[in-house]
Each structure stands twice: as structure tokens, then as C-alpha cells.
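Every heavy atom of this structure was used, including side-chain atoms; hydrogens, water molecules and symmetry mates were not. A quick note: this is a predicted structure, and the numbers were derived from the prediction, not measured. Letters go in sequence order (proteins before strands), and every chain restarts at 1.
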Protein chains: 2
Amino acid sequence: MTEELMTIREMCATYDVTPRTLRFYEAKELLFPIREGQKRLFTKRDHARLKLILRGKRFGFSLEEIRQLLDLYHVGDQQLTQMSRTYEIACERLADMELRREELTQAIDDLKEQLRWGEKVIASMKQEKKAAE
Amino acid sequence: MTEELMTIREMCATYDVTPRTLRFYEAKELLFPIREGQKRLFTKRDHARLKLILRGKRFGFSLEEIRQLLDLYHVGDQQLTQMSRTYEIACERLADMELRREELTQAIDDLKEQLRWGEKVIASMKQEKKAAE
DNA sequence: CGTTTGCATTACGTAAACGTCATCTAAGTG
DNA sequence: CACTTAGATGACGTTTACGTAATGCAAACG
């Protein structure tokens with residue numbers, strides 16, 4: 001069941017995506033499935049990355065932006081300068097995301113207020129209807 | 001300065017978009033500038049709607065989804081049934097957005113943790129470099 | 001052993017969201 | 001009045017993120 005390696009179909013079923021999508025992500029270097037002969041086998045790492053990809057998409061990040069974000073999660077053993085640069089970029093992203101959350105909160109509050117107004121309108125309309133009967 | 005009606009250029013300057021974008025939004029019935037002869041004049045209502053459009057885009061909503069959301073903000077005097085339906089849709093949207101915010105919060109926390117890890121790595125690399133000198 | 005089944009590659013198609021270019025008008029400017 | 005300026009209207013081009021065949025291979029099944 002919860003095996004270490006998954007075929008493309010199993011991945012599709014697990015994450016509700018198409019094979020095309022997974023191959024596309026590999027072509028774009030977002031995923032790196034290993035090969036058993038010709039066939040792709042998706043590793044634990046691919047699972048983690050795909051989850052982050054799908055989450056990123058829900059926030060309107062482009063695949064290219066997501067790729068850059070993903071690179072932050074597998075840095076390994078790079079040069080100090082590169083590492084620092086990566087760190088800076090990550091900080092900027094974080095700031096972006098926090099700003100986004102604030103905006104989202106604002107949007108949620110706006111919509112809530114609108115809904116309260118809507119409730120009142122509906123209530124009064126029901127009253128009118130009743131009165132007209 | 002802060003006049004009631006704006007030309008297309010003034011709108012572009014104010015919101016950092018192109019004329020093409022504004023005409024496109026009009027074609028898609030997201031904006032409804034009035035006409036003075038041939039020329040478009042954008043009203044207060046268009047300002048409000050454009051702000052919401054741009055905000056929606058930052059969260060990965062499609063223009064069509066945004067259009068539906070915008071409709072919630074000008075309902076006016078519709079039928080009760082339509083109003084109720086609109087209200088339901090709005091509630092669903094609200095739930096979506098709150099879910100999104102939770103996910104975003106999760107993503108922010110993940111990234112923060114990653115950054116703390118990154119700080120440690122950078123610190124230790126600086127140590128190594130120092131030791132190597 | 002023929003044939004599904006599962007996956008591969010290659011290539012062309014598509015919807016969304018504009019960009020870009022060509023052409024046209026109406027209004028103002030020296 | 002020639003000319004620039006601001007804006008309008010098509011029409012075609014472009015990028016992103018896949019969808020959709022068409023074709024091929026290799027193992028597994030009846």
C-alpha cells in the first residue's frame with residue numbers, strides 16, 4: 001500500500017492528477033522520478049515535492065516560481081554565497097506570502113460583511129413576500 | 001486630481017495596468033466605463049471593481065471567477081430565489097477562502113522552519129570557512 | 001502466441017489573459 | 001491646415017499549463 005516507490009498511475013490516483021501532468025512536471029524539472037527500464041518510479045522526495053507544487057498552484061504561483069521555491073528545500077551542499085542568496089530569496093518569498101495572507105484576510109472580512117448585508121436583504125424580502133400573500 | 005471620472009490613461013497610471021487590459025476587462029464585462037462620444041470614462045464603481053479584480057488575481061482566481069464574485073457586490077433588486085442562490089455561492093466562496101488562508105498559514109510556517117534550518121547551515125558553513133583559513 | 005494493459009515518446013491542439021501591430025478618428029496645437 | 005496626441009477597433013501573436021491523439025514497446029494474461 002504505502003510503498004516507497006509508486007508508478008505513474010498510483011501517483012495520479014493519490015494526488016488526482018493526470019499522467020500528462022506528472023510527465024510535464026518532470027520535463028520542467030519539478031519532479032525527478034527514477035527509471036526502472038523505461039518506466040518512471042516516483043520516490044518519497046517526489047511525493048513531498050508534488051504536494052508543495054499543488055499547494056503552490058492554489059495560491060497562484062507559476063510553475064517556474066514553484067520550481068525556485070522547491071529548490072530551497074533540497075539545498076544539500078552548495079557554496080556559501082549561493083546558500084546566502086537562496087536564503088535572501090526565501091525571505092522575500094516569505095514576506096510575499098505574509099502580505100498575501102493579510103490581503104486574503106481583508107478579502108474574507110469584506111465578503112463576510114457583504115454576506116451579513118445579504119442576510120438582511122433576504123430577510124426583508126421574505127417579509128415582503130409574506131405581507132403580499 | 002481625485003476626480004470622479006478617469007480616462008483610460010489615468011486609470012492605467014493609477015493601477016499600473018495597460019489600456020489593453022482595461023479594454024479586455026470591459027469586453028469580459030468586468031468593468032463598465034461610460035462613454036463620452038467614443039472615449040471611455042471610468043467611474044467610481046469601476047475603481048472599486050478593478051481593485052477587487054487585481055486582488056482576486058493575486059490569489060489565483062480566474063477572471064470568470066472574479067466576475068462572479070463581483071456580481072455579489074452589486075446585487076441591487078433581484079428575485080428572492082436568485083438572491084438566495086447568490087448567497088449560497090458566496091458562502092461557498094468564503095469557505096474556500098478561509099481554507100486557503102489556513103493552507104497559506106501552513107505554508108508560511110513551513111517556510112519559516114526551513115529558514116531557521118538555513119540559518120544554521122549558513123552559520124556552520126561560515127565556521128568551516130573560518131577554520132580553513 | 002496473439003493481445004490486452006501500462007507506460008513511453010512525439011507532436012499538435014487549446015483556453016486564458018493579455019501583448020503587439022495596423023489602421024482609424026476626433027480633438028487640440030502651432 | 002498640417003500635425004501631434006489620446007484613444008478606439010480589429011486581428012493576429014504569445015505564454016502558460018496542460019489535453020489529446022498517434023504510435024511504439026514490453027511485460028503479463030488467457
Could A:Glu103 and B:Arg58 be called an ion pair, given the rule that one side-chain N must be under 4.0 Å from one carboxylate O?
yes
Please give, in whole Å, the distance from D:dA17 C1' to A:Glu65 CD?
14 Å
Find the distance B:Ile53:CD1 to C:dA17:P and express it as a whole number of Å.
11 Å
Establish whether the base of C:dG6 is bridged to the side chain of A:Arg9 by a donor-acceptor pair shorter than 3.5 Å.
no
Any side-chain N or O of A:Thr18 less than 4.0 Å from the OP1 or OP2 oxygen of D:dG19?
yes
Assign each of B:Ser62 and B:Lys39 to its nearest nucleotide of DNA chain C by heavy atoms, then name whichever residue's nucleotide is nearer the 5' end.
B:Ser62
Considering only heavy side-chain atoms of A:Ile8, the closest of C:dC7, D:dT20, C:dC18 is C:dC7
May I ask you to verify if any side-chain N or O of A:Lys57 is less than 4.0 angstrom from the OP1 or OP2 atom of D:dC18?
yes
Just to confirm, is there a sub-4.0 Å distance from OP1 or OP2 of D:dA17 to any side-chain nitrogen or oxygen of A:Thr21?
no
Can you check whether A:Thr7 has a side-chain N or O nearer than 4.0 Å to OP1 or OP2 of C:dG6?
no
Rounded to the Å, how far apart are A:Phe24 CZ and C:dC7 C1'?
19 Å
To the nearest Å, how far apart are A:Arg20 CZ and D:dT20 P?
11 Å
Take A:Phe61 and B:Glu26, find for each the nucleotide of DNA chain D with the closest heavy atom, and name the residue whose nucleotide sits nearer the 5' end.
B:Glu26
Return the value, rounded to whole Å, for the distance between atom CG of B:Leu30 and atom C1' of C:dA16.
13 Å
Atom-to-atom span, CE of A:Met6 to C1' of C:dG6 - whole angstrom:
16 Å
Side-chain N or O of B:Arg35 versus OP1/OP2 of D:dT9: is the shortest distance under 4.0 Å?
yes
Using the ring of B:Phe61 (Phe, Tyr or Trp, six-membered ring only), decide whether B:Arg100 places NZ or CZ under 6.0 Å from its centre and within 45 degrees of its axis.
yes
Any chain of hydrophobic side-chain contacts (each under 4.5 Å) joining B:Leu111 to A:Ile89?
no
Check the phosphate of D:dA8 against B:Arg40, side-chain N and O only, distance under 4.0 Å to OP1 or OP2. Yes or no?
yes
Can you name the nearest heavy-atom pair linking A:Leu50 to A:Leu31, along with the distance?
N-CD2, 4.0 Å
Separation of C:dG19 C1' from B:Tyr25 OH (nearest whole Å):
13 Å
For D:dA17, take OP1 and OP2 only and decide whether either is under 4.0 Å from a side-chain N or O of A:Arg23.
no
Taking atom P of D:dG19 as reference, at what distance in whole Å does atom CG of A:Leu22 sit?
10 Å
Let me see the working for A:Arg67 and A:Leu63 under side-chain contact (heavy atoms from CB on, under 4.5 Å), right down to the final yes or no.
CA-CA 6 Å; A:Arg67 199 185 57 71; A:Leu63 290 185; over 6 Å; no
